[in-house]
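All of these numbers come straight from a predicted model, not from anything done at the bench. As a basis for the values below, the full set of heavy atoms in this structure was taken, side chains included, without hydrogen atoms, waters or symmetry mates.
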Amino acid sequence: MNEYHKEELKRLLSDSLRERPDSYVIKELFRQFPTPTELMDVSEQQLITIKGIGMGKARQILALLKLAKALTAPSFDQYTIRSPKDVYDLLEPDFRYQTKEHLHAYS
C-alpha cells in the first residue's frame with residue numbers, strides 16, 4: 001500500500017473512531033496490522049489486546065471492516081463469464097484479504 005493510501009485509511013479510521021490520526025490507538029493498530037490484508041483479517045480478540053480498545057470499539061472497527069468488504073463486493077446480478085478474467089473480477093473482492101487458500105464451488 002502506498003503512503004498516500006495508508007494515510008487516507010488512517011484518517012478515515014480515526015474519524016470513524018473519533019480518535020486523532022496520531023493517537024496511540026491508531027498508531028498501534030497500524031503497527032500491529034500494517035497491511036490491508038492483516039487489518040481485514042483481524043479478530044475481536046486481537047483488537048482488545050490493544051490498550052484503549054475495548055469490546056465496543058473492537059466491534060465498531062470490525063463493523064467498519066465488514067462495511068468496507070460489502071462496499072467493494074460486486075452485485076450478483078447477471079454475469080456472463082467469457083474468460084478467466086471475468087471469473088477473477090467476480091470473485092476477487094471475496095478473496096482479496098484471505099491469508100490462506102480457500103476452495104469455493106459455485107453453481
Side-chain angles (χ1 to χ4, degrees):
M1 172 173 20
N2 69 34
E3 197 58 36
Y4 171 77
H5 284 80
K6 191 171 190 173
E7 290 304 315
E8 186 67 14
L9 183 57
K10 280 183 182 180
R11 189 187 62 73
L12 289 170
L13 196 54
S14 64
D15 286 350
S16 299
L17 297 176
R18 294 184 176 185
E19 294 276 344
R20 291 184 334 270
D22 62 342
S23 72
Y24 174 81
V25 171
I26 299 299
K27 284 181 179 178
E28 191 62 18
L29 194 60
F30 281 88
R31 187 190 69 73
Q32 289 189 25
F33 312 103
T35 66
T37 301
E38 292 171 311
L39 187 59
M40 294 302 269
D41 198 35
V42 71
S43 70
E44 188 174 284
Q45 298 302 41
Q46 290 172 303
L47 289 171
I48 61 174
T49 63
I50 298 173
K51 182 181 172 185
I53 297 180
M55 292 296 285
K57 194 167 278 194
R59 289 180 179 157
Q60 188 178 7
I61 293 168
L62 291 174
L64 286 167
L65 297 173
K66 284 181 185 178
L67 178 61
K69 285 180 186 178
L71 290 174
T72 59
S75 63
F76 287 100
D77 295 337
Q78 191 68 25
Y79 278 100
T80 302
I81 296 175
R82 294 186 178 103
S83 69
K85 172 113 171 68
D86 292 339
V87 174
Y88 174 82
D89 290 341
L90 178 65
L91 300 178
E92 188 266 339
D94 292 336
F95 298 117
R96 177 183 304 156
Y97 299 110
Q98 299 298 318
T99 56
K100 56 187 170 187
E101 190 173 318
H102 293 268
L103 172 67
H104 288 261
Y106 295 92
S107 57

Ile48 and Ile61: same hydrophobic cluster, using ILVMFWY side-chain contacts below 4.5 Å?
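In one cluster with Ile48: Ile61, no.
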Count the heavy atoms belonging to other residues, nucleotides or ligands that lie under 6.0 Å from CZ of Arg11, then report whether that count exceeds 12.
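Result for CZ/Arg11: enclosed.
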Rounded to the nearest 0.5 Å, what's the gap from [atom1] on [X] to [atom2] on [Y]? Could you check?
X     : Y     : atom1 : atom2 : answer
Leu91 : Ile81 : CG    : CD1   : 7.5 Å
Leu64 : Ser16 : CG    : OG    : 4.5 Å
Lys27 : Gln32 : NZ    : CD    : 14.5 Å

Looking at every non-hydrogen atom in both residues, tell me the closest pair between Thr49 and Gln45 and how far apart they are.
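For Thr49 versus Gln45, the nearest heavy atoms are CG2-O, 3.3 Å.
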Run the side-chain contact (heavy atoms from CB on, under 4.5 Å) test on Phe33 and Ile50 for me, step by step, so that the C-alpha distance in whole Å, both residues' side-chain angles and the decisive distance to 0.1 Å come before the verdict.
CA-CA 11 Å; Phe33 312 103; Ile50 298 173; 4.1 Å; yes
Do any N or O atoms from the side chain of Glu92 and from the backbone of Asp89 form a donor-acceptor pair under 3.5 angstrom?
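It does not hold such a pair.
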Given 3.5 Å as the limit, does a donor-acceptor pair link the side chain of Asp41 with the main chain of Thr37, or not?
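Such a contact is absent between Asp41 side chain and Thr37 backbone.
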Using the test side-chain contact (heavy atoms from CB on, under 4.5 Å), find all partners of [X] that sit at least two apart in sequence or belong to another chain.
X     : value
Val25 : Glu19, Ser23, Ile53
Lys51 : Tyr24
Glu44 : Met55, Ala58, Arg59, Leu62

Gln60 pairs by side-chain contact (heavy atoms from CB on, under 4.5 Å) with which of Leu17, Leu65, Leu47?
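Option passing the side-chain contact (heavy atoms from CB on, under 4.5 Å) with Gln60: Leu17.
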So do Leu39 and Leu9 actually touch side chain to side chain, heavy atoms under 4.5 Å?
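Yes - at least one pair of side-chain heavy atoms lies under 4.5 Å apart.
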